[in-house]
Amino acid sequence: MSAPPLEGRVAVVTGALGLLGRRHCAALARAGATVAATDLDPAGCVALADELAATHGRPAVAHAADVSVPGSVRALAGAVLDRLGRVDVLVNNAAVNEKVEDPGTGAPLGFEDYPLEEWERSLRVNVTGTFLCCQAFGAEMAGAGRGSIVDIASTYGIVAPDQSLYRRPDGTRAFFKSAAY
């Protein structure tokens, strides 16, 4: 029987606690990788790493980080390298995909009323966070002469959000997909 394809490899997954992040972590662990799970919640990262190790019989580590903060990303890269000695795969999965509501009524806000602060937060996490992680981990990969970076994106990176997808049968909207997303 051959070894799993990622046996001996180290994979870092940002946004590991999200719906897709958990699945990316599990798939990498099944493929034989040691997974470094990172997200904002330290306890959640530890619980996920413990779950991965127990389920897949592979080591997994946790390190909380905010991908939108350069020092936090540098600390993440340093911790992964100190603990695991290498990085072979980076999965940039962290993203902000918030539904934004009117604080007074709770009604979903459309593009015209989308708060600038939410727009900037989305860009910091979804774009700058990917950039910062690529810098930190890509430099290590380039120095080692190997590695893969996988950037997770939405179809909305290619086309504008189709707001009609979020209409209920009665015509009301559950939420508006953010223009920043």
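Using a 4.5 Å cut-off between side-chain heavy atoms of Ile, Leu, Val, Met, Phe, Trp and Tyr, with links allowed through other members, Val13 and Val87 fall into different hydrophobic clusters.
Tested against Leu28, the residues Leu52, Val35, Val12 include a single side chain to side chain contact (heavy atoms under 4.5 Å, CB included) partner, Val35. The side chain to side chain contact (heavy atoms under 4.5 Å, CB included) test with Val67 singles out one residue from Leu132, Leu40, Val125, Asn93, and that residue is Val125.
Applying the side-chain hydrogen bond (donor to acceptor under 3.5 Å, both in side chains) test to residues at least two apart or on different chains, the pairs with a partner in residues 63-79 are Asp66-Ser68.
Heavy-atom neighbours of Arg146 CZ from other residues, nucleotides or ligands within 6.0 Å: above the threshold of 12.
The two residues Gly8 and Asp88 come nearest to each other via the heavy atoms O-OD2, 4.2 Å.
Between the Asp41 side chain and the Ala43 main chain, a donor and an acceptor come within less than 3.5 Å of each other. The main-chain N or O of Ala60 is never found under 3.5 Å from a side-chain atom of Thr34 such that the two would form a donor-acceptor pair.
Using a 4.5 Å cut-off on side-chain heavy atoms (C-beta onward), Val150 and Ile152 make contact. For the pair Asp151 and Cys134, the minimum side-chain heavy-atom distance is below 4.5 Å.
Using a cut-off of 4.0 Å between Lys/Arg side-chain N and Asp/Glu carboxylate O, Glu7 and Arg58 are scored as salt-bridged.
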- Item | Arg9/Arg86 under side chain to side chain contact (heavy atoms under 4.5 Å, CB included): CA gap, chis, key distance, verdict | CA-CA 8 Å; Arg9 307 279 196 232; Arg86 63 189 286 171; 3.5 Å; yes

- Evaluate side chain to side chain contact (heavy atoms under 4.5 Å, CB included) for Ile149 paired with Met141, printing each intermediate quantity in order. CA-CA 9 Å; Ile149 297 175; Met141 291 177 190; 3.8 Å; yes

Under 3.5 Å donor-acceptor pairs involving side-chain atoms of residues 15-22, not counting sequence neighbours:
from, atom 1, to, atom 2, distance (Å)
Arg22, NE, Leu17, O, 3.2

